[in-house]
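Data block below; observations after.
Numbered from 1 within each chain, the chains take letters A, B, ... in sequence-line order.
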Amino acid sequence: MQKYSIFSLVKNALTGHQNWDLAWKDPNPKEEYDVVIIGGGGHGLATAYYLAKEHQITKVAIIEKGWIGGGNVGRNTTIIRSNYMHDENGLFSEFGMDLWRKMSQDLNYNVMFSPRGIINLAHSDAQMNAYARRGNSMRLNGIDAVLLSREEVKEIIPMADFSDNVRFPIFGGLMQPSAGTARHDAVAWGYARQADSMGVDIIQNCEVTGFDVSAGKIKGIRTSRGNIKAKKVGLCVAGSTNILAEKLNMTLPIETHLLQACVSEPVKPVLDKVVTFGAGHFYISQSDKGEMVMGGDLDGYNSYAQRGNLPTLQHVLTEGIAMMPFLSKLKMLRTWGGIMDMSMDGSPIIDKTHIDGLYLNCGWCYGGFKATPASGWTFAHTIAQDRVHELNAGYSLNRFSTGHIIDEKGLGTKTWIS
Amino acid sequence: MLHIKCPHCGIRSQNEFSYGGDATVKRPELNKEVTDQEWDNFVYNRVSPRGKHLELWQHLSGCRQWIKVERDTATHEIFKTYKANEEVA
């Protein structure tokens with residue numbers, strides 16, 4: 001594989017950029033693989049990369065219905081954080097933060113990781129108390145957390161509404177300084193390029209139509225490009241999890257819902273943090289191009305549409321304007337939607353299944369992008385060793401029936417309850 | 001914007017309604033032994049199909065009645081609506 005560096009850039013500039021290698025190949029599916037990963041999104045690509053790198057398993061195929069990076073890894077709002085209270089989520093995400101910090105060097109691909117910090121705003125004394133508790137839990141798990149007063153928040157984001165007659169006055173906030181953003185497409189492309197260079201077959205435009213299971217063991221998959229035998233199969237398909245589960249006669253604690261995001265026209269630098277509104281569900285950051293990147297609530301009913309509905313967008317942006325009134329002056333540039341695998345407790349599932357050799361990675365709700373490296377790393381471990389790692393032991397499939405749910409914010413599929 | 005035909009009030013916009021999830025889920029009968037798996041299925045596990053989905057909505061800012069709506073989860077087409085106690089054909 002061609003290494004990317006200032007020297008390779010100069011060398012290729014001199015030859016008119018005609019001699020760059022393809023970043024990854026476009027192979028036809030082979031007859032058999034050791035591991036087949038279904039889903040060529042961030043998590044699937046990362047899983048294949050860590051299978052090759054950490055476990056030396058390279059007879060691997062990634063099967064993608066569309067094109068890699070065309071699903072949620074290309075549709076999210078690029079936020080990376082580990083500001084969780086519960087141990088399962090905090091330790092898992094903080095492990096991921098370490099991988100994020102090293103990712104550009106590790107992948108030899110600039111993912112533009114920008115640890116600019118995230119602030120969750122508080123709008124009542126009770127919320128400040130809850131944030132103090134969450135901040136303390138984070139610090140006990142080695143995650144940086146700073147409780148900010150109203151004045152300190154005003155210092156950092158003076159453009160927020162600090163006037164007296166607002167419905168939800170800002171009391172303060174909880175900041176994780178090491179949180180931030182990254183270039184989402186680069187994450188997919190970086191993992192794809194490295195996985196490909198270690199021998200992983202990335203097979204695009206290939207839809208999975210069925211599974212071959214006999215005597216409780218996975219034997220292979222059926223696809224639109226023929227049957228493929230596999231010793232192990234990992235599902236990494238986010239919003240399409242229920243569609244594949246149905247083909248396996250499995251019913252999962254997952255519902256598929258639509259989440260929208262949008263960007264404004266680009267403006268000069270105004271906001272150098274990720275900020276979340278504490279009295280509703282709205283968050284905002286500014287991209288390197290200057291666009292204000294915003295997101296919020298689910299559309300609120302089961303959906304596979306991959307496109308949004310205006311009432312939710314209006315609701316979300318009303319919250320945004322309540323928090324930062326200057327947003328009302330901006331023009332909207334783009335809106336889009338992605339389909340989320342909403343788990344019933346708001347936390348993900350990375351586990352084995354009742355079928356031998358079939359592994360499940362789903363339930364990422366609002367937080368799939370930031371989990372990409374940790375999810376890939378732990379899922380690769382779970383597949384290669386045929387047992388869960390301690391980092392994803394809490395993300396078990398049976399935690400719902402045994403009562404060990406990880407109820408971080410009380411946010412599952414039923415957002416109207418919160 | 002979805003337009004939902006409330007069987008009591010007629011066609012109204014989505015803003016008047018609140019969503020209540022899969023309408024085919026059945027609470028286990030309590031006059032017999034209920035297994036953990038049955039509770040699990042009732043409380044957590046959902047089919048969440050792509051295509052026709054029978055679901056509950058409440059006409060919250062209208063007659064406040066719960067209704068059943070048969071809707072396509074990919075196209076958002078609404079095929080038919082029913083009163084909560086009506087048999088679904």
Check the surroundings of atom CH2 in B:Trp39: do more than 12 heavy atoms from other residues, nucleotides or ligands lie under 6.0 Å from it?
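Atom CH2 in B:Trp39 is crowded, with more than 12 foreign heavy atoms closer than 6.0 Å.
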Crowded around A:Gln314 CD? As in, over 12 foreign heavy atoms under 6.0 Å?
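Check fails, neighbour count at 12 or below.
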Are B:Tyr19 and A:Asn302 close enough, and set up right, to give a side-chain contact (heavy atoms from CB on, under 4.5 Å), and what steps lead you there?
CA-CA 9 Å; B:Tyr19 183 64; A:Asn302 294 41; 2.6 Å; yes
Where does A:Ile243 contact chain B at under 4.5 Å (heavy atoms): side chain, backbone, both or neither?
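For A:Ile243, the side chain is the part near chain B, not the backbone.
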Contact class of A:Ile339 relative to chain B, heavy atoms under 4.5 angstrom:
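Nothing of A:Ile339, per the 4.5 Å heavy-atom cut-off to chain B.
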Report, in residue-number order, which members of residues 67-82 of chain B are under 4.5 Å from chain A by heavy-atom distance.
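Only B:Arg71, B:Thr73, B:Ala74, B:Thr75, B:His76 of residues 67-82 of chain B have a heavy atom under 4.5 Å from chain A.
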Sub-4.5 Å heavy-atom contacts with chain A: which residues of residues 52-60 of chain B show up?
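B:His53, B:Trp57 fall under the 4.5 Å cut-off.
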Can you check whether A:Glu246 reaches B:Arg50 side chain to side chain, under 4.5 Å on heavy atoms?
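When only atoms from C-beta onward are counted, B:Arg50 and A:Glu246 do not touch, as no gap falls below 4.5 Å.
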Can you tell me how far the CG atom of A:Asp299 sits from the CG atom of B:Leu2, to the nearest 0.5 Å?
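Rounded to the nearest 0.5 Å, the CG-CG separation comes to 8.5 Å.
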CZ/B:Arg46 to OG1/A:Thr251 distance, rounded to the nearest 0.5 angstrom?
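B:Arg46 atom CZ to A:Thr251 atom OG1 measures 10.5 Å (nearest 0.5 Å).
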Examine distances only and state if a side-chain atom of B:Ser48 and a backbone atom of A:Thr256 form a donor-acceptor pair shorter than 3.5 Å.
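Side chain of B:Ser48 to backbone of A:Thr256, a donor-acceptor pair under 3.5 Å: yes, one is there.
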Please flag which part of B:Asn45 lies under 4.5 Å from any non-hydrogen atom of chain A: side chain, backbone, both or neither.
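When you check distances to chain A, atoms from both the backbone and side chain of B:Asn45 fall under 4.5 Å.
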